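Since we're looking at a predicted model, the values are computed, not measured. Residue numbers begin at 1 in each chain, while the letters A, B, ... track the order of the sequences.
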Amino acid sequence: MLAPRLLNKLIVHGERVARIVEVEAYGGREPDPAAHTFRGLTPRTTAMFGPPGHLYVYFSYGVHWCANVVCGDEGEGAAVLLRAAAPVAGIDEMRMDRPTARGEADLLRGPGNLCRALGITKEHYGADLVTADMGIELRDDGTSPPENPVITKRVGITKEAARQWRFYVSNEPSVSRPR
DNA sequence: CCGCCGATCTTT
DNA sequence: AAGATCGGCGGG
């Protein structure tokens, strides 16, 4: 399971920088009924079945964009949902796009809010996070992933609800509910 | 603090 | 008809 290795990495879009503090794993070699790739290749899931290191973006509940990092080999259909991040830079710009956020810890709390604060939408579908071909990049500033991340059930799903594939940094105020 | 509910689009 | 969500509103 490499999802927790994304914790404490930086997600960068232009001036905006945030530290990933909460993730969930989806799909992979063992069947995962909760994953968008469970029923095979569809127009929506082409990026998730693509090579690792790219962005899989989907539209949630007709309202929010949500972003995943593709983590499986090509054809595998595995990705890590970015559920929350702590703001590092570009905070004024984030606030402009997140008018309902009260404090800084609210800016990127939750997968929809994270995309809103970073300005990620469907135009970034399939972006290469290594070459930053669309201005979005995954960066390692030397901060190690936590040695003991908190491990829980995934949030907001009904299928495969018992699987413990959510990982977050303990004592981190930007983590979404439930803590 | 908690729970309900609407918004609004994609996929089944 | 349900869904990898969010924020506003009403009640305790």
Asker: Could you tell me if A:Tyr56 and A:Thr45 have a donor-acceptor pair between their side chains, going purely by distance under 3.5 Å?
Answerer: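 There is no such pair (donor and acceptor under 3.5 Å, judged by atom type) between the side chains of A:Thr45 and A:Tyr56.
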Asker: Please determine, for the side chain of A:Val155, which listed nucleotide (C:dT5, C:dA4, B:dT11) has the closest atom?
Answerer: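 For A:Val155, the side-chain atoms sit closest to C:dT5.
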Asker: Is the phosphate of C:dG3 approached by A:Thr158 (side-chain N or O, under 4.0 Å from OP1 or OP2)?
Answerer: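 Yes, because at least one side-chain N or O of A:Thr158 sits under 4.0 Å from OP1 or OP2 of C:dG3.
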Asker: Check whether any side-chain nitrogen or oxygen of A:His36 sits under 4.0 Å from OP1 or OP2 of C:dA4, and answer yes or no.
Answerer: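 For C:dA4, OP1 or OP2 has a side-chain N or O of A:His36 closer than 4.0 Å.
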Asker: Whole angstrom is fine here: how far is it from CZ in A:Arg177 over to P in C:dG7?
Answerer: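 Computing the A:Arg177:CZ to C:dG7:P distance gives 12 Å.
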Asker: Take the protein atom CZ of A:Phe38 and the nucleotide atom P of B:dT12, then report the distance between them rounded to whole Å.
Answerer: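 Answer to the nearest Å: 12 Å.
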Asker: Figure out the CG/C1' separation between A:Leu108 and C:dC6, and round it to whole Å.
Answerer: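 In whole Å, C:dC6 C1' and A:Leu108 CG are 15 Å from each other.
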Asker: When we call it a touch if two heavy atoms are under 4.0 Å apart, what does A:Leu81 touch: a base, just sugar-phosphate, or nothing?
Answerer: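 Here A:Leu81 touches the bases of the nucleic acid.
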Asker: Could you tell me whether A:Phe59 contacts a base, only the sugar-phosphate backbone, or nothing, with contacts defined as non-hydrogen atoms closer than 4.0 Å?
Answerer: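 Sugar-phosphate, backbone atoms only, no base.
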Asker: Choosing from C:dA4, C:dG7, B:dT12, which nucleotide comes nearest the side chain of A:Arg39?
Answerer: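 Selected nucleotide (nearest to the side chain): B:dT12.
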Asker: As a test of your reading of the structure, name each stem of DNA chain B as range with range, where a stem is three or more consecutive Watson-Crick or G-U pairs at under 3.5 Å.
Answerer: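 So far as stems of 3 or more pairs are concerned, DNA chain B shows B:1-7 with C:5-11, B:9-11 with C:1-3.
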Asker: Answer yes or no: does atom CE of A:Met96 have more than 12 heavy-atom neighbours from other residues, nucleotides or ligands under 6.0 Å?
Answerer: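 Result for CE/A:Met96: open.
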Asker: To the nearest Å, how far apart are A:Leu82 CG and C:dT5 P?
Answerer: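 These atoms are roughly 13 Å apart.
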Asker: Taking everything shown except A:Arg163 itself, do over 12 heavy atoms lie less than 6.0 Å from its CZ?
Answerer: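 More than 12 heavy atoms, drawn from other residues, nucleotides or ligands, come within 6.0 Å of this atom.
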Asker: Among A:Arg109, A:Arg166, A:Arg177, exactly one meets salt bridge (Lys or Arg N to Asp or Glu O under 4.0 Å) together with A:Glu22. Which residue is that?
Answerer: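 So, applying the salt bridge (Lys or Arg N to Asp or Glu O under 4.0 Å) to A:Glu22 and each of A:Arg109, A:Arg166, A:Arg177, only A:Arg166 qualifies.
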Asker: Could you check how far CG of A:Leu41 sits from P of B:dT11, rounded to whole Å?
Answerer: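 My rounded result for the distance is 12 Å.
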Asker: Using the six-membered ring for Trp and the full ring for Phe, Tyr or His, decide whether A:Tyr58 stacks on the six-membered base ring of C:dA4 (centres under 5.5 Å, planes under 30°).
Answerer: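 So A:Tyr58 does not count as stacking on the base.
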Asker: When you measure from the side chain of A:Arg98, which nucleotide among C:dG7, C:dT5, B:dT10 comes out closest?
Answerer: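 It is C:dG7.
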Asker: When rounded to the nearest 0.5 angstrom, what is the spacing between CD in A:Glu24 and OG in A:Ser176?
Answerer: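 A:Glu24 CD to A:Ser176 OG: 7.5 Å, rounded to 0.5 Å.
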Asker: Between C:dA4, C:dG8, C:dT5, which one does the side chain of A:Tyr56 approach most closely?
Answerer: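 Nearest nucleotide to the side chain: C:dA4.
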Asker: Is the number of heavy atoms from other residues, nucleotides or ligands under 6.0 Å of A:Gln164 CD greater than 12?
Answerer: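 Yes - once you tally the heavy atoms of other residues, nucleotides and ligands closer than 6.0 Å, there are more than 12.
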Asker: Between C:dG7, C:dT5, C:dA4, spot the one nearest the side chain of A:Tyr26, thanks.
Answerer: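 Of the candidates, C:dA4 comes closest.
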Asker: C:dT5, OP1 or OP2 - any side-chain N/O from A:Arg83 closer than 4.0 Å?
Answerer: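 Yes, within the criterion.
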Asker: Distance under 6.0 Å and angle within 45° of the ring axis: does A:Arg154 meet both against A:Tyr26?
Answerer: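 Yes, a cation-pi geometry holds between A:Arg154 and A:Tyr26.
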Asker: Among B:dT12, C:dT5, C:dG7, which nucleotide sits nearest the side chain of A:Thr100?
Answerer: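 That would be C:dG7.
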Asker: Categorize A:Asn68 for me: base, sugar-phosphate, or nothing, with a 4.0 angstrom heavy-atom threshold over every strand shown.
Answerer: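 Here A:Asn68 touches the bases of the nucleic acid.
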Asker: In whole angstrom, give the distance that lies between atom CG of A:Asn113 and atom C1' of C:dG7.
Answerer: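 Value for this atom pair: 9 Å.
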Asker: I'd like to check the ring pair (Phe, Tyr, Trp, His ring centres under 6.0 Å) partners of A:Phe38; sequence neighbours left out, ordered by chain and number.
Answerer: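 Testing A:Phe38 for ring pair (Phe, Tyr, Trp, His ring centres under 6.0 Å), a comparison that skips the adjacent residues, returns none.
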